[in-house]
Trainee: 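Provided herewith is a single structure, encoded as structure tokens, for subsequent inquiry.
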Amino acid sequence: MQVEAQGVLLDVEGTTSSVKFVYDVMFPFARRELAAYLQQSWDDPSCQAACEQVAGDAGQPSLAAWADAEDRAPRDLVEEEATRLMDADQKATGLKQLQGLIWKSGFESGEMVAHVYPDVPPALDRWRAAGADLRIYSSGSIQAQQLFFGHTQQGDLLPLFSGHYDTTTGPKREAASYAAIAADWRLPPASILFLSDITAELDAAREAGMQTGLLIRPDNAPVEPGHGHTEVASFAEILIDFKNPSS
Ligand SMILES: CSCCC(=O)C(=O)COP(=O)(O)O
Ligand SMILES: [Mg+2]
């Protein structure tokens, strides 16, 4: 695949990194530590903010109003709701913020070391050396993204990225989210290449005017044919000419 672009926007799970690592290591860690985290960190402003977001995602005016209406302890409500969202594999913003906070101890203690496909770091180095601006867009919270790329099997990859976006910018399957990212980036959408394993995300990015590439990784779910996105098995196949496409 050969494209002209100024920026590369990267999905994480299924694109830079194995779906199996997220589902077999990160999600079980968050599930195991949820109750203890809520008990120990309940009064932390970051925990409170994530819990308020969980309440908001559940359609509640606030955590306190939810607890009053249900006559339940707010912590029990958050634990139950977060567990329900994890069971349903929902990528809700509040759950993702909570998971990011819980993963901090796992990455910082060394219990979790993020998986990144071996073709990724050399390609990112190459693209940056050629002048590209690299950014992440994941359902994982910005804090989770920073922990993840700060603690990979290939070392600290965080300095390679100049920006991070999560679902606080908008859902990954809506064109408006990609328009908002391009506006924040101050780049024309056509000068951004978005790489993901999910065709619905790529459809939304294409609708916003971005260029797209579909990653076919060993652990990814099969894709339906007819999506119209260029398929690649490795970042090594992506050749980027960093010229402004409008110049
Ligand atoms: C970025 S670390 C956490 C991964 C995660 O929680 C997740 O939901 C991954 O979603 P993605 O949008 O990167 O496929
Ligand atoms: Mg993905």
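Remember, it's 1-based here, ligands and their atoms both numbered in the order they're listed. Here the structure is a predicted model, which is why all the values come from computation and not from measurement.
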Trainee: Please state which protein non-hydrogen atom is closest to atom 8 (O) of ligand 1 and give its distance, to 0.1 Å?
Mentor: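 Heavy-atom neighbour on the protein nearest atom 8 (O) of ligand 1: Lys91 NZ, 2.8 Å.
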Trainee: Please check if atom NZ in Lys20 has more than 12 non-hydrogen atoms from other residues, nucleotides or ligands closer than 6.0 Å.
Mentor: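 No, NZ of Lys20 has 12 or fewer neighbouring heavy atoms, counting only those of other groups under 6.0 Å.
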Trainee: Check all N, O or S atoms of Glu13 and name the one closest to the Mg ion (ligand 2).
Mentor: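 Sorting the N, O and S atoms of Glu13 by distance to the Mg ion (ligand 2) puts O first.
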Trainee: Could you label the plane-to-plane angle of the Phe148 and Phe107 rings as parallel, tilted or perpendicular, counting under 30° as parallel and over 60° as perpendicular?
Mentor: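 Perpendicular.
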Trainee: Tell me, do Phe29 and Met112 make a side-chain contact under 4.5 Å, heavy atoms counted?
Mentor: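 Side chain of Phe29 against side chain of Met112, heavy atoms only: contact under 4.5 Å found.
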Trainee: Can you tell me if, anywhere in Glu201, an N/O/S atom lies at a distance from the Mg ion (ligand 2) that is smaller than 2.8 Å?
Mentor: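 No N, O or S atom of Glu201 is closer than 2.8 Å to the Mg ion (ligand 2), so no.
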Trainee: Counting non-hydrogen protein atoms only, what is the nearest one to atom 4 (C) of ligand 1? Give residue, atom name and distance.
Mentor: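 Ranking protein heavy atoms by distance from atom 4 (C) of ligand 1, first comes Val22 CG1, 4.1 Å.
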Trainee: Does the distance from a Lys or Arg side-chain N to an Asp or Glu carboxylate O, for Glu13 and Lys91, drop under 4.0 Å?
Mentor: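 Result for this pair is yes, salt bridge flagged.
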Trainee: I need the nearest protein heavy-atom contact for atom 5 (C) of ligand 1: residue, atom name and distance, please.
Mentor: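 Answer, as residue, atom name and distance: Lys96 NZ, 3.7 Å.
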Trainee: Taking C-beta and beyond as the side chain, do Gln99 and Ser141 meet within less than 4.5 Å on heavy atoms?
Mentor: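 Not in contact.
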Trainee: Please identify which atoms of ligand 1 are closer than 4.0 Å to at least one heavy atom of Met26.
Mentor: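 In order of numbering, the contacting atoms are 2 (S), 3 (C).
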Trainee: For the ring pair His151 and Phe149, is the centre-to-centre distance below 6.0 Å?
Mentor: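 Centroid separation for His151 and Phe149: 6.0 Å or greater.
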Trainee: Give the cluster check for Ile142 versus Leu10: same hydrophobic cluster or not, with ILVMFWY residues linked at side-chain heavy-atom distances below 4.5 Å.
Mentor: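 No, because Ile142 and Leu10 fall into different hydrophobic clusters, even though each may have its own neighbours under 4.5 Å.
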Trainee: Return a yes/no value for Gln145: is any of its N or O atoms, backbone included, closer than 3.5 angstrom to an N or O of ligand 1?
Mentor: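 No, there is no polar N/O contact under 3.5 Å.
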Trainee: Side chains of Asp89 and Tyr23: donor-acceptor distance under 3.5 Å anywhere?
Mentor: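 Indeed, the side chains of Asp89 and Tyr23 share at least one donor-acceptor pair under 3.5 Å.
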Trainee: Measuring centre to centre across the rings, with the benzene-like ring taken for any Trp, is Phe235 within less than 6.0 Å of Trp127?
Mentor: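 Yes, the ring centres sit under 6.0 Å apart.
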Trainee: Which protein non-hydrogen atom lies closest to atom 9 (C) of ligand 1, naming both residue and atom, and how far is it?
Mentor: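 Answer for atom 9 (C) of ligand 1: Glu13 OE1, 3.1 Å.
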Trainee: Based purely on interatomic distance, does Tyr137 place a nitrogen or oxygen under 3.5 Å from a nitrogen or oxygen of ligand 1?
Mentor: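 Tyr137 vs ligand 1: no N/O contact under 3.5 Å.
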Trainee: Do Leu193 and Met210 come within less than 4.5 Å of each other through their side chains, counting heavy atoms only?
Mentor: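 Of all side-chain heavy-atom pairs linking Met210 with Leu193, none is under 4.5 Å.
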Trainee: Provide the atom name of the closest N, O or S atom of Asp11 relative to the Mg ion (ligand 2).
Mentor: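 Sorting the N, O and S atoms of Asp11 by distance to the Mg ion (ligand 2) puts OD2 first.
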Trainee: Any atoms of ligand 1 less than 4.0 Å from a non-hydrogen atom of Ser139? List them with their elements.
Mentor: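 Listed by number with element: 8 (O), 10 (O), 11 (P), 12 (O).
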Trainee: Taking distance alone, with N or O pairs closer than 3.5 Å, would you say Trp103 contacts ligand 1?
Mentor: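 Not met; the criterion fails.
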Trainee: Which N, O or S atom name in Asp197 marks its closest approach to the Mg ion (ligand 2)?
Mentor: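 The atom in question is OD1.
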Trainee: Do me a favour and list the nearest non-hydrogen protein atom to atom 14 (O) of ligand 1 with residue, atom name and distance?
Mentor: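 That would be Asp11 OD1, 3.0 Å.
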Trainee: Between Glu201 and ligand 1, does any nitrogen or oxygen pair lie at a separation below 3.5 Å?
Mentor: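 Looking only at distances, the answer is no, because the N/O contact criterion of under 3.5 Å is not met.
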Trainee: Rounded at 0.5 Å granularity, tell me how far CZ in Arg173 sits from OG in Ser196.
Mentor: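 It is 8.5 Å, given to the nearest 0.5 Å.
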Trainee: Hey, is ligand 1 close enough to Ser138 that some N/O pair sits below 3.5 Å?
Mentor: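 N/O-N/O distance below 3.5 Å exists for this pair.
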Trainee: Which of these, Gln90, Gln99, Lys172, has its nearest heavy atom closest to atom 12 (O) of ligand 1?
Mentor: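 Shortest heavy-atom distance from atom 12 (O) of ligand 1: Lys172.
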